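Single-structure report; data block below.
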Amino acid sequence: MNVFSHFRDEIVASLREIASAGDLPADLDFRAVTAEPPRDPSHGDVATNAAMVLARPASMKPRDIAALLAVRLERVDGVASVEIAGPGFINLRLVSGFWHDRLREVLRAGVAYGDSEIGAGRPVNVEYVSANPTGPLHVGHGRGAVFGDVLASLLSKAGFAVTREYYVNDAGAQVDVLARSAHLRYREALGESVGDVPEGLYPGEYLKEVGAALARKHGDAWLDKPESEWLEPVREAAIAAMMALIREDLEAVGIRHDVFTSERALVEAGRVGEVLDDLEKRGFIYTGVLEPPKGKLPEDWEPRPQTLFRSTAFGDDVDRPLRKSDGEWTYFATDIAYHLDKYRRGFANMIDVWGADHGGYVKRMKAAVEAVTGGEADLDVKLCQLVKVLRSGELVRMSKRAGDFVTLREVVDEVGKGVVRFIMLTRKNDAPLDFDLAKVLEQSRDNPVFYVQYAHARVCSVLRNAAEMFPGEDLSDSALVNADLSLLAAPEEIDLIRMAATWPRIVEGAAEAHEPHRLAFYLYDLASQLHALWTKGRDQPELRFLIEDDRPLSLARLAMVRGVGIVVASGLGVFGIEPAEEMR
RNA sequence: GCGCCCGUAGCUCAGUGGAUAGAGCGUCGGCCUCCGGAGCCGAAGGUCAUAGGUUCGAAUCCUAUCGGGCGCGCCA
């Protein structure tokens, strides 16, 4: 249960009753009414702004509305008291039994706790990674990869029908460069001395294996032959090899896409021509000459008539070219066809995860989606900022093997996939991220992965101790749910349960905002509160989780501690991280 | 020049239009013979870049300015 949407429903129901009794205007709009945790916990458990937001439309004083509402809210299940405060807030204080019920809910649900129906089974397509098939993934790709993957899991937990998609850019000039680079390595594999890799080709050593494989399979069939004879087959082989490499890299961080869509296949199926014909008929395509870009002028700039999409009609700054001077489609043109393809496959909700360097591309893509779907589809583009890889504060320089960047694989091999997945979400997607290889392995509060994992391990540890202290006692979740939870009455205990019971609200909020990093911050806070209470037990033995001569109280506290462990596990589950049983 | 993102404590950053803006690190002071050590409690530290505006209420929304990052036809 999302406690806050539950009470919001109760509040709105009460408002409707008041309206039908004639004490409020009949046609009030309640959308602005919220129910939230008050910033200051001493104000109670749930606060609503109802009286303040309705005052003006109802032409009444906030306090008068609050008084009417308070009377009814006092009778709502779980409400202990209602007070009107400040400019017109209504603060609800809940009975502790309400929180005990939530704890039972956690224990019954297990890691499914926090699952929500707000998605109502609606399909969402999350497209992420989509790195060019020209080499291994670097850490920047890794951030987008983890972000997209966890966002997908989060949306799935929130009740959406999620498809994880990878768009394979296997049609542009970059894959021809790849083919030439692979052919060079092929010649090398056949004994030729190629020297330094020429400017304009991919220098990465990972292509040596591709060249060697080509040599094994095809012998000297493409040696000393014109490019036209080998370009296509070499390209196919190289793309396949690169995609295999990328999928291994993704597998190493625990990512598997449901769908791989090939750009080349879309082009060859004539889908680009189709969508552009349609746009042309509707008058969104014309031939024109663009103004030269301001600022840094390309050296070979010359005014030239181009096939342009009227993206300015949909909020873009300039109209965008669809055809290159060699007659090929621009990337944008194929991307329009691709997004229409997603829409036709049933996705009115699309999320694209891109690197921040593609920021200038967002407006035109949104414009295009609006144009080709008649405004029926919603595209959200999430831009992931750069990752700076450090070791104890020192910038880590690029690796030779890959060419010029730190590969995702190197980082995963060094610190583990769970750490990579968590750290990538400890910042908002649009803020730059420092990834310190030394710090993320520290066992300290400064390291969020450790701190959160330690909370789960500590819960497991307490349970292990309990099993020794109370041999024969059933300590499973289904047994703990029957513990006498009314014994959990200390404010610290209710606070901890309240925090754990906020999880469903965090899930829904993060899912709606497409912001998985919120989960990381929440888990850190929850862990912090558990550790604090544990430590408090040192000075105040009566607060310890296990008290040998008070079995009922110990069982109740085990239920609480276990509840926290479940929520941590549920959160780590969304992150795709295995919760730790112990920290050794 | 234009567009997008960002500007919050000494540093790194949270903060879904709500009440007295939070956390970690660092600094200072205390605690640490514990269910599992890798920590806990407290203090100091803020013109939320600046100036206007909208609102009962703005770090949050709008406008302008300043500062930083990214991008700016035929790359993807």
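Since the structure is predicted, the reported quantities are computational estimates derived from the model, not experimental observations. Chain letters run A, B, ... following the sequence lines, proteins first, then strands; residues in each count from 1.
At a threshold of 4.0 angstrom between heavy atoms, the contacts of Arg304(A) include nucleobase atoms, whether or not backbone atoms are also involved. Among the atoms of the strands shown, base atoms are found under 4.0 Å from some heavy atom of Ala47(A). Contacts of Pro62(A) with the nucleic acid, taken as non-hydrogen atoms under 4.0 Å apart, are absent. Here Thr535(A) lies in heavy-atom contact (under 4.0 Å) with sugar-phosphate atoms only. Note on Arg505(A): a base of the nucleic acid sits closer than 4.0 angstrom, heavy atoms only. Within the nucleic acid shown, Tyr331(A) comes within 4.0 Å of at least one base atom, counting heavy atoms only. At a threshold of 4.0 angstrom between heavy atoms, the contacts of Ala532(A) are confined to the sugar-phosphate backbone, with no base atom among them. Among the heavy atoms of the strands, none lies under 4.0 Å from Val561(A). Using a 4.0 Å heavy-atom distance criterion, Glu512(A) is classed as making no nucleic acid contact. Counting any heavy atom pair closer than 4.0 Å across all strands shown, Val462(A) reaches a base atom. Nucleic acid contact class of Met469(A) (heavy atoms, under 4.0 Å, all strands): none. Among the atoms of the strands shown, only primed sugar atoms or phosphate atoms (P, OP1, OP2) are found under 4.0 Å from some heavy atom of Arg518(A). When heavy atoms are screened at a 4.0 angstrom cut-off, Gly86(A) is found touching no nucleic acid atom at all. Among the heavy atoms of the strands lying under 4.0 Å from Asn49(A) is at least one base atom, whether or not backbone atoms are also near.
Atoms CD1 and CG, from Ile336(A) and Leu276(A) in turn, are 6.0 Å apart once rounded to the nearest 0.5 Å.
Listed by chain and number, the residues in a salt bridge (charged side-chain N to carboxylate O under 4.0 Å, His left out) with Asp45(A) are Arg498(A) (sequence neighbours excluded). Taking Asp319(A) as the reference, Tyr286(A), Leu308(A), Arg310(A), Ser311(A), Thr312(A) meet the side chain to side chain contact (heavy atoms under 4.5 Å, CB included) condition, with sequence neighbours excluded. Among residues two or more places apart in sequence or in another chain, the side chain to side chain contact (heavy atoms under 4.5 Å, CB included) test is passed with Gln174(A) by Asn132(A), Thr134(A), Asn169(A), Tyr202(A). For the side chain to side chain contact (heavy atoms under 4.5 Å, CB included) test, residues two or more places apart in sequence or in another chain that qualify with Leu28(A) are Leu24(A), Pro25(A), Phe30(A), Leu54(A), Pro57(A), Ala58(A). For Tyr128(A), the ring-ring contact (aromatic ring centres under 6.0 Å, His included) partners at least two apart in sequence or on another chain are His257(A). Gln443(A) pairs by the side-chain hydrogen bond (donor to acceptor under 3.5 Å, both in side chains) definition with nothing, not counting sequence neighbours. With sequence neighbours excluded, the residues forming a ring-ring contact (aromatic ring centres under 6.0 Å, His included) with Phe314(A) are Phe284(A), listed by chain and number.
For Glu36(A) and A19(B), the CD to P distance is 9 Å, given to the nearest whole Å. Here U12(B) presents its P atom at 18 Å from NE2 of His517(A), a figure rounded to the nearest Å. Rounding to whole angstrom units, CG of residue Leu519(A) and P of A14(B) are separated by 15 Å. One atom, CG of Leu425(A), and another, P of C13(B), lie 16 Å apart when rounded to the nearest Å. In this structure, CD of Glu515(A) is placed 17 Å from P of U60(B), rounded to the nearest angstrom.
Within the 3.5 Å criterion, the main-chain N or O of Gly393(A) finds a donor-acceptor partner in the side chain of Asp436(A).
When distances run from any side-chain atom of Lys324(A) to the nucleotides A38(B), A76(B), G18(B), the shortest one goes to A76(B). Here the nucleotide nearest the side chain of Tyr451(A), chosen from C35(B), C40(B), C4(B), is C40(B).
Counting only Watson-Crick and G-U wobble pairs whose two key distances fall under 3.5 Å, RNA chain B forms stems of three or more stacked pairs at B:1-7 with B:66-72, B:10-13 with B:22-25, B:27-31 with B:39-43, B:49-53 with B:61-65.
Taking atom C1' in both G17(B) and U55(B), the straight-line distance is 9 Å, to the nearest Å. Comparing the same atom, P, in A64(B) and in U60(B) gives a spacing of 16 Å after rounding to whole Å.
Look at Lys428(A) and you won't find any side-chain N or O under 4.0 angstrom from OP1 or OP2 of U12(B).
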Scoring nucleotides 20-25 of chain B by protein non-hydrogen atoms under 4.0 Å (B base, S sugar-phosphate only, - none) yields ---SSS

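Once the 5.5 Å centre distance and the 30° plane angle are applied, the aromatic ring of Tyr454(A) is found not to be stacked with the base of A38(B).
Residue-to-nucleotide proximity on RNA chain B shows that, of Ala457(A) and Asp326(A), the 5′-proximal contact is made by Ala457(A).
Taking the six-membered ring where tryptophan is involved, the planes of Tyr361(A) and His358(A) are perpendicular, since the angle between them exceeds 60° and thus also 30°.
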Quick one: do Glu36(A) and Arg8(A) satisfy salt bridge (Lys or Arg N to Asp or Glu O under 4.0 Å)? Show the steps, please. CA-CA 9 Å; Glu36(A) 311 177 289; Arg8(A) 185 185 180 278; over 6 Å; no

So which protein N/O to nucleotides 63-71 of chain B N/O distances come out below 3.5 Å?
residue	atom	partner	partner atom	Å
C70(B)	O2'	Ala356(A)	O	3.4

Restricting both atoms to N or O, compile the protein contacts to nucleotides 26-32 of chain B shorter than 3.5 Å, with distance only.
residue	atom	partner	partner atom	Å
C32(B)	O2'	Arg538(A)	NH2	2.8

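Figure legend: cation-pi geometry between Arg320(A) and Phe309(A) absent, as NZ or CZ is not positioned both under 6.0 Å from the six-membered ring centre and within 45° of its axis.
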Show every donor-acceptor pair shorter than 3.5 Å between a side-chain atom in residues 382-389 of chain A and any protein atom, with sequence neighbours excluded, or say none if there are none.
residue	atom	partner	partner atom	Å
Lys382(A)	NZ	His514(A)	O	3.2

